[in-house]
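To start, the structure itself, in structure tokens.
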Amino acid sequence: MIIGKKQLSPKQFIFLSSVLVGITAALAVILLKSFAHLVYSFATYINGILKLSFINSILPIIGILLTVLVVKRLLGGTIEKGTSQILYVVARKASLVPKKQMYAQILTSSLTVGLGGSAGLESPIVVTGAAFGSNFARQFRLSYKERTLLLGCGVAAGIAAAFNAPIAGVLFAVEVLLVDVTISAFTPIMIAAATGTLV
């Protein structure tokens with residue numbers, strides 16, 4: 001970073017961090033949705049060539065098998081899914097999301113959803129945004145409280161970017177993840193959500 005942590009007040013650093021987390025979470029959302037759409041377009045193209053009546057029944061199974069292969073070969077054999085894991089890391093007073101969650105959900109969810117699996121992109125967006133916020137805070141050795149705040153910023157930015165709904169992003173982050181949030185935490189979360197929407 002050109003502007004170091006030492007040259008800014010703690011409040012200014014958190015505001016700047018919320019913007020950066022908002023940008024990265026929004027870019028991750030764009031990548032996730034684009035990759036899922038690319039997989040879907042490829043599957044539709046293959047279906048157009050083969051013209052098999054049962055292909056729509058087989059594609060979700062292929063998606064699950066590819067997802068399992070990616071998890072085993074690229075992600076170390078394990079991956080935690082769902083928003084419950086984010087609630088768990090916050091409740092454990094750690095707010096440390098594994099680094100691989102910054103890209104794991106993009107790969108696995110895009111394959112599953114793009115090939116017709118009955119899953120949505122909401123949970124992967126939340127987990128990916130939280131991972132970016134948590135790991136940004138870890139990079140700068142921020143406290144648990146600041147790490148949790150940036151985790152919430154990532155979630156709010158992800159939801160805001162995915163659904164063009166900054167208020168929904170803020171409310172989700174505050175009501176679901178950061179139940180003991182203070183009034184001062186609203187500003188960075190709103191900044192991140194607005195940034196996510198703009199990106």
Side-chain angles (χ1 to χ4, degrees), residues 20-87 97-136 151 153-173 176-177 192-199:
L20 296 174
V21 167
I23 291 169
T24 53
L27 291 174
V29 167
I30 291 167
L31 188 60
L32 173 64
K33 290 179 99 174
S34 299
F35 189 38
H37 186 25
L38 186 68
V39 171
Y40 172 75
S41 298
F42 179 73
T44 306
Y45 175 72
I46 294 296
N47 190 13
I49 292 171
L50 298 177
K51 294 187 167 116
L52 299 173
S53 58
F54 55 86
I55 193 84
N56 288 332
S57 302
I58 294 174
L59 284 175
I61 296 167
I62 294 170
I64 291 168
L65 292 173
L66 285 172
T67 300
V68 169
L69 186 68
V70 166
V71 169
K72 292 217 180 266
R73 298 286 180 193
L74 299 175
L75 303 173
T78 58
I79 181 175
E80 294 179 21
K81 291 274 198 183
T83 3
S84 57
Q85 68 160 309
I86 303 304
L87 295 170
V97 181
K99 285 185 179 180
K100 70 178 178 184
Q101 292 292 23
M102 292 191 289
Y103 57 87
Q105 304 289 330
I106 294 171
L107 294 173
T108 57
S109 299
S110 297
L111 289 171
T112 305
V113 174
L115 290 172
S118 61
L121 294 176
E122 296 83 10
S123 180
I125 285 164
V126 168
V127 174
T128 304
F132 273 98
S134 172
N135 284 286
F136 182 92
L151 183 148
C153 287
V155 169
I159 291 173
F163 305 107
N164 197 23
I167 294 171
V170 171
L171 291 177
F172 183 87
V176 178
L177 297 175
T195 305
T197 306
L198 289 171
V199 171

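Numbering starts at 1 and runs along the sequence shown. Since this is a predicted model, take the numbers as computed values, not measurements.
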Report task. Measure from the side-chain N and O atoms of S110 to the backbone N and O of F35, and report whether any donor-acceptor pair falls under 3.5 Å. Result -> no

Query raised in the report: With no hydrogens and no angle check, is any side-chain donor or acceptor of K33 less than 3.5 Å from a backbone partner on A162?
Result: yes

Any idea which heavy atoms bring [X] and [Y] closest together, and the distance?
X: A192; Y: A157; answer: O-CB, 3.4 Å
X: G114; Y: A43; answer: O-CB, 4.5 Å
X: V170; Y: A193; answer: CG2-CB, 3.7 Å
X: I86; Y: A130; answer: CD1-CB, 3.7 Å

Is there a side-chain contact between [X] and [Y] (heavy atoms, below 4.5 Å)?
X: Y103; Y: L75; value: yes
X: Q105; Y: L32; value: no
X: L20; Y: F136; value: yes

Query raised in the report: Is the number of heavy atoms from other residues, nucleotides or ligands within 6.0 Å of OH (Y40) greater than 12?
Result: no

Report task. Tell me, yes or no, whether the heavy-atom count around I167 atom CD1, taken from other residues, nucleotides or ligands under 6.0 Å, exceeds 12. Result -> no

**Report entry** Approximate separation, where rounding is to 0.5 Å, of L59 CG and I64 CD1
**Finding:** 11.5 Å

Report task. Calculate, to the nearest 0.5 Å, the distance between atoms CG and CZ belonging to L121 and F163 respectively. Result -> 7.5 Å

**Report entry** Test applied, side-chain contact (heavy atoms from CB on, under 4.5 Å); reference residue, F42; option that passes from T44, L38, V39, I46
**Finding:** I46

